[in-house]
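As the structure lists them, so they are numbered: ligands from 1, and atoms in each ligand from 1.
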Amino acid sequence: MKITVVGTGYVGLVSGVCYAELGHSVICVDKDPLKIATLQNGDIPIYEPGLQELSVRNAELGRLSFTSSLDAAVKGADLIIIAVGTPPLPGGEANLAYIELAAKEIADAMEGNPVVAIKSTVPVGTNEKVRDLIRSRTECPFDSVSLPEFLREGSAVPDTMHPDRIVVGTDSPRAEALLRELHGGLGGAFVVTDIRSAEMIKYASNAFLATKISFINEIANICEKVGADVTRVAEGMGYDKRIGSSFLKAGIGYGGSCFPKDTQALIQIAGHFDYEFKLLRSVVEVNQGQRFNIVRKLEAIFGDLEGRTIAVWGLAFKPETDDVREAPAQEIIGELLDRGVQVRAYDPIAMDNFRSHFGGGAGRVEWCSGALEAAAGADAVCLLTEWEEFVSRHRRRGLP
Ligand code: NAD
């Protein structure tokens with residue numbers, strides 16, 4: 001199969017590389033010439049375990065290539081996958097500008113009779129709008145598919161090669177057959193729905209996972225008051241198959257490029273149809289408050305934090321990734337700096353990304369080259385990302 005993936009971010013790059021690994025001929029396109037040059041040189045612009053080896057291997061086998069020329073990449077493709085970003089607008093709605101631009105460029109270059117699939121997370125109704133947009137610009141026949149993505153950063157390659165489910169929203173039997181063939185060997189459920197339901201499955205899944213996190217965080221807050229141990233409570237709950245043990249880890253709340261934006265977007269989607277999603281509003285509110293608990297706890301111990309030195313271990317929004325988008329560390333470090341704290345920070349992978357995302361505040365943080373260096377002489381250590389090197393250090397009680 002000839003596949004073109006538009007957008008080589010965390011989703012597009014992993015998908016493209018994995019489809020090549022399945023034996024297909026894949027061209028990955030991105031607007032960012034620096035990303036493309038990096039990829040053409042055999043490097044990858046993100047940290048994702050196992051991805052670089054697969055990328056290099058498939059490029060060497062001639063099944064995978066990278067280009068910034070969408071026009072050439074789209075011509076002759078059997079399947080065109082849109083995997084560009086849908087970041088939040090200030091009001092919480094998904095910004096569809098990148099999707100629309102990609103759709104226009106695809107429409108203007110398309111030939112043959114391709115299937116056009118959107119992997120980006122998009123509000124219900126977007127696939128139909130994009131189909132109309134493409135139709136308004138080309139005579140070329142094509143079929144539309146909503147193909148939401150469920151990979152997790154940090155385990156994106158195994159998640160893609162061994163998915164729990166593939167969701168395909170389409171009204172085209174031909175497109176369904178093509179996607180069934182593409183994912184045939186991967187295992188997992190193959191769920192075919194109408195286009196709108198597929199779009200909704202993605203938002204509903206992320207909203208549900210976010211709800212679990214906020215739920216256990218509220219249980220943790222109550223546990224602290226009543227003298228129970230939330231870790232044991234979560235363990236005891238998790239054995240119940242109806243509940244499950246995943247996403248029951250209390251902490252500083254969720255971050256990242258998906259949960260915060262997708263929960264807000266679903267609240268907006270519901271609102272457009274005069275439905276107030278009260279439960280999800282509370283999930284977001286709980287999450288926002290939770291990340292500041294750690295600052296409140298420090299104040300409960302030290303009183304005024306001015307002049308204290310506090311080490312921060314972990315800056316990425318989760319372990320095994322360099323992604324710092326909406327990472328709780330950003331707001332927590334901001335709060336500490338506002339209180340006159342000397343912050344000493346370390347992350348095994350995400351330091352550079354964090355520094356560039358943190359803007360002006362970066363100059364006020366002391367960036368350390370190791371966990372122990374950050375902790376040396378500090379009044380407290382805040383563990384903000386559960387990287388294995390921190391967790392195992394804690395387990396071994398190797399703290400200074
Ligand atoms: P990203 O920001 O890492 O990557 C998007 C890429 O698209 C960028 O490299 C950008 O340069 C490129 N791009 C934008 N417009 C383009 C155009 N017209 N032509 C070519 N390239 C273009 O985003 P991401 O994290 O990969 O997420 C992509 C989508 O997938 C989003 O809708 C996101 O919500 C969804 N999603 C993300 C994850 C995740 O874990 N990151 C998981 C599931 C779904």
message: Has Lys119 got a side-chain atom pairing as donor or acceptor with Val11's backbone, closer than 3.5 angstrom?
response: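 Checking the backbone N and O of Val11 against the side chain of Lys119, no donor-acceptor pair under 3.5 Å is found.
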
Pairs of nitrogen or oxygen atoms, one from ligand 1 and one from the protein, closer than 3.5 Å: please tabulate them with distances.
from, atom 1, to, atom 2, distance (Å)
ligand 1, 2 (O), Arg325, NH1, 3.3
ligand 1, 3 (O), Tyr10, N, 3.4
ligand 1, 9 (O), Asp30, OD1, 3.3
ligand 1, 9 (O), Asp30, OD2, 2.6
ligand 1, 9 (O), Lys35, NZ, 2.6
ligand 1, 11 (O), Asp30, OD1, 2.6
ligand 1, 18 (N), Glu105, OE1, 3.4
ligand 1, 21 (N), Lys31, N, 3.2
ligand 1, 25 (O), Arg325, NH2, 2.9
ligand 1, 26 (O), Tyr10, N, 3.0
ligand 1, 26 (O), Val11, N, 2.8
ligand 1, 32 (O), Thr86, OG1, 2.6
ligand 1, 32 (O), Thr121, N, 2.9
ligand 1, 34 (O), Thr121, OG1, 3.4
ligand 1, 34 (O), Lys261, NZ, 2.6
ligand 1, 40 (O), Glu153, OE2, 3.3
ligand 1, 41 (N), Glu153, OE2, 2.7

- request: Take Ile134 and Val116, measure what side chain to side chain contact (heavy atoms under 4.5 Å, CB included) needs, and give me the verdict at the end.
  value: CA-CA 10 Å; Ile134 296 176; Val116 179; 4.1 Å; yes

field: Salt bridge flag under 4.0 Å for residues Arg281 and Glu285
entry: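 Result for this pair is no, no salt bridge flagged.
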
- prompt: Charged N to carboxylate O below 4.0 Å: is that the case for Asp78 and Lys2?
  reply: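 No, Asp78 and Lys2 are not salt-bridged.
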
task: For the pair Leu22 and Leu186, evaluate side chain to side chain contact (heavy atoms under 4.5 Å, CB included) and give the outcome as yes or no after the intermediate values.
output: CA-CA 9 Å; Leu22 293 176; Leu186 297 180; 3.7 Å; yes

message: Can you pull out every ring pair (Phe, Tyr, Trp, His ring centres under 6.0 Å) where at least one residue sits in residues 137-186? Sequence neighbours excluded, please.
response: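 Sorted result for residues 137-186: Tyr19-His183.
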
